[in-house]
Amino acid sequence: MNRREFILAGSAMFAAGLSPKLFAASPAATHSQTGAQTQAPLKVLALVFDDYETLDLHGPLEMLGHLPSVEITLIGPQPTVRSYQGPRVVADRLLDAVVECDLLLIPGGMGTRKLVDDTRLLDWLKRQAKVSNKIFSVCTGAALLAKADLLDGVSATTNKMAYSWVTGLNDKVIWQPSARWVDDGRFLTSSGVSAGIDAALFFIAQTYGEAQARKIETLTEYQWNSDADKDPYAVIS
């Protein structure tokens, strides 16, 4: 149980005259779509780098962080990383380590303009992809995957404001000009910035069931665009 669920549930129990201690004593557990209980948390590894777009990272992590059992690890090229908007985060791990994970999150942002030519980062990304069950890019994070040749033959999308630049990096990707997000097996790619939140909720629904995604939508007071084909920023040729 996450903190906000505890607060909401505790308030409801006080109103009903029940002790919140009874609620706090119940063990937290994750559940698959079939309802089978599992003990292993979802392991999320998120790349951070200077000038990443703040919401690209923190929007999806907000949604994923409300799952009943999740471990989130930040990995970056140096201990302290600055977002494009200014706030800084501390990396838990440093490149060039590779970490087995269930979900690898690659945000976008202005920093990707330099990183597409960073051989150290691209080499790490190729190695990290081999030990990541699913790879999720937001915005121009897809540019890094494309430049690392990880999206060859894969249907993908990206920020429509940067569509020409990103798609010009690799013509072997099956780029989708109209999609809020695209799920193609191991790869989940979203359009720009806030689209990453919608894609994160899609991943939660896909993995844990729509009820879990809707619960998190309510907890975060976010209006989820759950239709991947509803893309108000689509590139019109």
Side-chain angles (χ1 to χ4, degrees), residues 42 44-49 51-67 72 83-85 87 103-113 115-116 125 132 134-147 150-151 154-170 173-208 210 212-237:
L42 178 76
V44 179
L45 181 70
L47 175 66
V48 290
F49 47 85
D51 290 331
Y52 74 86
E53 184 68 26
T54 304
L55 194 61
D56 284 10
L57 175 73
H58 299 283
L61 291 186
E62 170 72 21
M63 303 298 139
L64 295 165
H66 280 287
L67 288 169
I72 298 173
S83 75
Y84 181 70
Q85 285 73 21
L103 184 67
L104 172 63
L105 174 61
I106 310 294
M110 294 302 295
T112 60
R113 270 63 172 181
L115 289 180
V116 292
L125 197 52
S132 304
K134 196 171 184 77
I135 301 168
F136 173 20
S137 71
V138 180
C139 191
T140 57
L144 302 179
L145 296 178
K147 197 65 186 292
L150 292 170
L151 293 179
V154 174
S155 290
T157 197
T158 186
N159 188 326
K160 304 310 187 298
M161 303 299 105
Y163 190 79
S164 295
W165 173 67
V166 177
T167 59
L169 295 171
N170 188 334
V173 184
I174 307 170
W175 294 110
Q176 303 299 313
S178 178
R180 188 70 170 163
W181 71 85
V182 175
D183 182 59
D184 189 350
R186 289 185 64 228
F187 294 92
L188 173 62
T189 57
S190 82
S191 189
V193 194
S194 65
I197 301 175
D198 294 329
L201 286 169
F202 163 78
F203 170 79
I204 291 168
Q206 180 186 60
T207 308
Y208 297 92
E210 184 172 346
Q212 181 68 67
R214 293 296 179 185
K215 184 178 182 180
I216 293 173
E217 176 190 21
T218 300
L219 285 170
T220 57
E221 297 188 16
Y222 176 76
Q223 189 171 1
W224 177 25
N225 174 4
S226 59
D227 183 356
D229 294 327
K230 186 178 180 181
D231 183 5
Y233 307 103
V235 175
I236 306 299
S237 58

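- Expressed to the nearest 0.5 Å, how far CZ of Phe202 lies from OG of Ser190 amounts to 12.0 Å.
- In this structure, Ser83 contributes its side chain and Pro87 its backbone to a donor-acceptor pair below 3.5 Å.
- The structure places OH of Tyr84 at 10.5 Å from OG1 of Thr54, a figure rounded to the nearest 0.5 Å.
- From Ile135, atom CD1 reaches atom CZ of Phe187 across 4.0 Å, with rounding to the nearest 0.5 Å.
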**Message:** As a quick check of understanding, evaluate side-chain contact (heavy atoms from CB on, under 4.5 Å) for Val182 and Val154, giving each step before the final call.
**Reply:** CA-CA 10 Å; Val182 175; Val154 174; over 6 Å; no
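- Closest heavy-atom contact between Phe49 and Pro107: CZ-O, 3.5 Å.
- More than 12 heavy atoms of other residues, nucleotides or ligands sit less than 6.0 Å from atom OH of Tyr222.
- The closest side-chain heavy-atom distance from Leu55 to Ser194 is below 4.5 Å.
- Counting only distance, with no hydrogens or angles, the side chain of Lys160 and the backbone of Val235 share no donor-acceptor pair below 3.5 Å.
- The only member of Thr158, Thr140, Asp51, Asp56 that meets side-chain hydrogen bond (donor to acceptor under 3.5 Å, both in side chains) when paired with Thr112 is Thr140.
- Under the salt bridge (charged side-chain N to carboxylate O under 4.0 Å, His left out) criterion, the residue pairs touching residues 175-201 are Lys134-Asp183, Arg180-Asp198, with sequence neighbours excluded.
- Taking each heavy atom of Leu104 and Ile106 in turn, the nearest pair found is CG-CD1, 3.8 Å.
- Using a 4.5 Å heavy-atom threshold, the side chains of Thr220 and His66 count as touching.
- Using a distance-only test at 3.5 Å, with no hydrogens or angles considered, no donor-acceptor pair links the side chain of Glu210 to the main chain of Ala205.
- Considering every non-hydrogen atom in both Tyr163 and Pro177, the closest pair reads OH-N, 3.3 Å.
- Taking both residues in full, the closest heavy atoms of Pro60 and Phe136 are given as CB-CE2, 4.0 Å, listed atom of the first, atom of the second, then distance.
- No side-chain donor from either of Glu62 and His58 sits under 3.5 Å from a side-chain acceptor of the other.
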**Request:** Take Thr189 and Trp181 through the side-chain contact (heavy atoms from CB on, under 4.5 Å) test and state the conclusion after the steps.
**Result:** CA-CA 6 Å; Thr189 57; Trp181 71 85; over 6 Å; no
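- Of all non-hydrogen atoms in Ala156 and Leu151, the two that sit nearest each other are CB-CD1, 4.1 Å.
- In this structure the side chain of Leu125 reaches within 4.5 angstrom of the side chain of Leu150, judged on heavy atoms.
- Considering Leu47, Leu45, Leu57 as possible partners of Leu105, the one that fulfils the side chain to side chain contact (heavy atoms under 4.5 Å, CB included) test is Leu57.
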**Asked** Are Val173 and Val166 close enough, and set up right, to give a side-chain contact (heavy atoms from CB on, under 4.5 Å), and what steps lead you there?
**Response** CA-CA 10 Å; Val173 184; Val166 177; over 6 Å; no
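- How far CG of Asp231 is from OG1 of Thr157: 6.5 Å, rounded to the nearest 0.5 Å.
- Using a 4.5 Å heavy-atom threshold, the side chains of Tyr52 and Met110 count as separate.
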**Request:** List the steps and the verdict of side-chain contact (heavy atoms from CB on, under 4.5 Å) for Phe203 and Met63.
**Result:** CA-CA 10 Å; Phe203 170 79; Met63 303 298 139; over 6 Å; no
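- A distance-only check finds no donor-acceptor pair linking the side chain of Asn159 to the backbone of Cys139 [under 3.5 Å].
- No side-chain donor from either of Gln223 and Glu217 sits under 3.5 Å from a side-chain acceptor of the other.
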